[in-house]
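What follows is a single structure, written as structure tokens, with notes after it.
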Protein chains: 2
Amino acid sequence: MKYDPQKKLNRNTQRTLKAFSEAMFGLLGEKNFEKITVNELCARCDYPRATFYNYFDDKYDLVSYCWYQLGKDAHLDAAQTLPTNESLLAVFDEVYRLFTTHHDLLNRVVEHNPVDGLLINDFIHHFNRVMTQLFANSLLNHKTKTPIELMAQYYSNTVLLVLKWVFLSQHDVSLDTARGYLTELLTKPFLSEANN
Amino acid sequence: MKYDPQKKLNRNTQRTLKAFSEAMFGLLGEKNFEKITVNELCARCDYPRATFYNYFDDKYDLVSYCWYQLGKDAHLDAAQTLPTNESLLAVFDEVYRLFTTHHDLLNRVVEHNPVDGLLINDFIHHFNRVMTQLFANSLLNHKTKTPIELMAQYYSNTVLLVLKWVFLSQHDVSLDTARGYLTELLTKPFLSEANN
DNA sequence: TTTGTGGTTTTACAAGTGTCTAAATTTTGA
DNA sequence: TCAAAATTTAGACACTTGTAAAACCACAAA
């Protein structure tokens with residue numbers, strides 16, 4: 001990404017970024033990410049190749065910008081100041097909501113891209129980074145033997161595991177059920193005996 | 001992968017596979033995976049390009065064969081029949097041991113490849129698949145609201161999170177400390193209040 | 001209006017990718 | 001041991017990638 005989407009961007013730049021990300025979103029719903037070429041993206045939004053490379057390093061760069069855009073309408077910052085337990089569920093709910101909003105898009109994407117392939121991995125990874133940062137903040141005053149960074153990664157991982165299960169592996173369960181899974185995973189002591 | 005490494009392979013095939021995977025391991029310790037080209041791999045082990053494509057679809061295919069090879073000297077199958085709690089730690093120990101064996105290689109790889117980049121992700125992912133399968137088996141007679149497949153993924157994820165922290169993020173703590181992290185993560189009820 | 005400046009676009013290029021065909025070579029089995 | 005079958009290799013092809021130099025344009029200041 002050669003432009004910082006946080007900064008003020010002039011109208012032209014915004015239009016170009018939007019055009020490319022929409023082209024990408026469109027194509028992602030139609031075919032496998034690996035098969036998408038830069039030429040194709042440019043053809044779809046009618047910009048020359050050089051313009052693409054003016055804004056992005058490569059298609060991976062563009063797709064990560066797409067995730068950034070998609071994630072923008074989630075309001076996660078609020079959760080940052082809550083204690084961990086509340087923060088965790090607040091963030092879970094909010095991302096559940098976000099993914100619900102984009103339910104159709106996600107379904108189309110999954111139709112053409114393997115759930116454990118590069119693209120979906122990258123998608124999950126993007127939210128993982130955001131959430132890890134968040135949880136790390138709300139864990140600051142916890143005292144554990146385990147390093148905070150590792151705990152933050154653990155919580156983020158687990159939240160995303162459930163969300164992936166619901167939205168990407170398409171088990172499409174309700175928010176309540178999903179919450180149930182999450183809390184059972186996090187609270188069930190692993191040393192429990194097999195109850196046979 | 002056009003040949004199944006599980007099947008019997010004639011001497012020639014084995015030699016070729018070995019040559020290519022060694023070339024890959026060598027190059028991975030020298031430069032970034034993205035910069036490695038098929039030509040380079042062929043040059044290093046002195047096989048023509050056509051032979052490479054005879055055995056592998058692309059370099060991603062080769063590298064995943066490399067992970068398979070690397071994982072072969074871990075004896076995980078035994079853990080499959082144990083109850084979950086013992087299985088979990090047995091598998092953890094065994095993979096800890098495996099990664100220790102390849103400590104130098106991993107360090108060299110991490111020097112040239114970002115920890116959250118495509119290559120390392122793929123590496124983790126490979127073991128994630130293997131372990132998820134394993135845990136799914138040892139969870140068969142557990143009764144939980146949460147689907148077994150999801151629980152298996154959760155355990156596998158968490159084990160690998162710690163191992164990644166130790167060996168790929170290079171915090172290099174002892175087996176005991178690492179075990180401590182893992183058990184704290186898995187047993188700590190997430191609803192614990194902030195202890196400030 | 002002219003000129004300069006910054007960004008966009010054109011065009012060209014040196015690489016790499018993956019596929020294909022036909023020739024060379026090895027393996028196999030009679 | 002020899003010929004048929006299978007595999008490996010060379011070479012070529014169409015295509016993509018990312019970069020770089022030069023032409024081009026719009027818009028502001030003089």
Side-chain angles (χ1 to χ4, degrees), chain A residues 1-5 7-24 26-28 30-66 112-114 117-119 122, chain B residues 1-5 7-24 26-28 30-66 112-114 117-119 122:
Chain A
M1 199 61 191
K2 290 161 178 171
Y3 292 72
D4 182 358
K7 295 267 178 237
K8 31 83 196 162
L9 303 169
N10 70 47
R11 198 159 289 110
N12 217 315
T13 305
Q14 282 182 304
R15 195 173 30 216
T16 312
L17 290 179
K18 184 146 178 259
F20 274 115
S21 56
E22 275 173 6
M24 179 57 100
L27 282 171
L28 281 181
E30 290 172 20
K31 60 190 295 196
N32 186 282
F33 177 65
E34 304 300 327
K35 307 274 185 216
I36 297 175
T37 71
V38 175
N39 292 323
E40 217 170 346
L41 286 160
C42 294
R44 177 172 278 239
C45 57
D46 209 47
Y47 275 96
R49 265 168 65 73
T51 302
F52 176 88
Y53 285 110
N54 224 0
Y55 286 90
F56 307 101
D57 294 324
D58 46 39
K59 65 175 177 171
Y60 301 92
D61 196 25
L62 166 56
V63 89
S64 95
Y65 172 74
C66 288
H112 302 283
N113 293 274
L118 186 144
L119 181 76
D122 191 64
Chain B
M1 200 61 192
K2 291 160 180 173
Y3 292 72
D4 182 357
K7 296 268 177 234
K8 31 83 196 161
L9 303 168
N10 70 46
R11 200 158 288 110
N12 218 313
T13 304
Q14 282 183 303
R15 195 174 31 220
T16 312
L17 290 177
K18 184 147 178 257
F20 275 115
S21 56
E22 275 173 6
M24 179 57 100
L27 282 170
L28 281 180
E30 290 172 21
K31 59 190 297 195
N32 186 281
F33 177 64
E34 304 300 326
K35 307 273 184 215
I36 297 175
T37 72
V38 174
N39 292 322
E40 216 171 349
L41 286 159
C42 294
R44 177 172 278 239
C45 55
D46 208 45
Y47 274 97
R49 263 168 69 73
T51 302
F52 176 87
Y53 285 108
N54 225 357
Y55 286 91
F56 308 101
D57 294 324
D58 46 39
K59 65 175 177 170
Y60 300 92
D61 196 25
L62 166 56
V63 89
S64 94
Y65 172 73
C66 288
H112 301 283
N113 293 275
L118 186 143
L119 180 77
D122 191 64

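The structure presented is a predicted model; accordingly, all values stated were derived computationally and were not measured. These values consider heavy atoms only, across backbone and side chains, with no hydrogens, waters or symmetry-generated copies.
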Exercise. Does the side chain of Ile36(A) reach to within under 4.5 Å of the side chain of Leu41(A), using non-hydrogen atoms?
Worked result: yes
For this session: Ignoring backbone atoms, test whether Asn12(B) places a side-chain nitrogen or oxygen under 4.0 Å from the OP1 or OP2 oxygen of dT7(D).
Result: no
For this session: Write down the distance between CG (Asn39(B)) and P (dA10(D)), rounded to a whole number of angstrom.
Result: 13 Å
Exercise. Atom OH of Tyr53(A) to atom P of dA12(C): distance rounded to whole Å?
Worked result: 18 Å
For this session: Quick one: sort the Phe20(A) and Phe52(A) rings into parallel, tilted or perpendicular, breaks at 30° and 60°.
Result: perpendicular
For this session: Pick base, sugar-phosphate or nothing for Tyr3(B), based on heavy-atom distances below 4.0 Å to the nucleic acid.
Result: sugar-phosphate
Seminar exercise, completed: Atom OH of Tyr60(A) and atom P of dT17(D) are separated, to the nearest Å, by 10 Å
Exercise. For Lys2(B), does the NZ atom sit with more than 12 other heavy atoms under 6.0 Å from it, leaving out its own atoms?
Worked result: yes
For this session: Round to the nearest Å and state the distance from Leu41(A) atom CG to dT17(D) atom P.
Result: 9 Å
Exercise. Counting distance only, does the side-chain N/O of Lys59(A) pair as donor-acceptor with the main-chain N or O of Met24(A) below 3.5 Å?
Worked result: no
Seminar exercise, completed: Separation of dT8(C) atom P from Asp46(A) atom CG, nearest Å, is 16 Å
Seminar exercise, completed: What one should report as the nearest heavy-atom pair of Lys31(A) and His112(A) is C-CB, 3.5 Å
Exercise. Counting side-chain heavy atoms from C-beta on, which of dT9(C), dT17(D), dG18(C) comes nearest to Thr37(A)?
Worked result: dT17(D)
Problem set entry | Nucleotide nearest Pro48(B) when distance is taken to its side chain, options dT9(C), dG16(C), dA10(D) | dA10(D)
For this session: Output yes when at least one side-chain N/O atom of Tyr55(B) is less than 4.0 Å from OP1 or OP2 of dT7(D), else no.
Result: no
Exercise. Roughly, in whole Å, what's the span from NZ in Lys59(B) to P in dT17(C)?
Worked result: 7 Å
For this session: State whether Arg49(A) places a side-chain N or O below 4.0 Å from either non-bridging phosphate oxygen (OP1 or OP2) of dT17(D).
Result: yes
Exercise. Atom CZ of Phe52(B) and atom P of dA10(D): how far apart are they, to the nearest Å?
Worked result: 16 Å
For this session: Between Asn54(B) and Ile36(A), just flag the one whose closest nucleotide in DNA chain D comes earlier from the 5' side.
Result: Asn54(B)
Exercise. Closest nucleotide of DNA chain C for Ala50(A) versus for Ala50(B): which of these residues is on the 5' side?
Worked result: Ala50(A)
Exercise. Rounded to the nearest Å, what distance is computed from the CG atom of residue Leu17(A) to the P atom of nucleotide dT8(C)?
Worked result: 10 Å
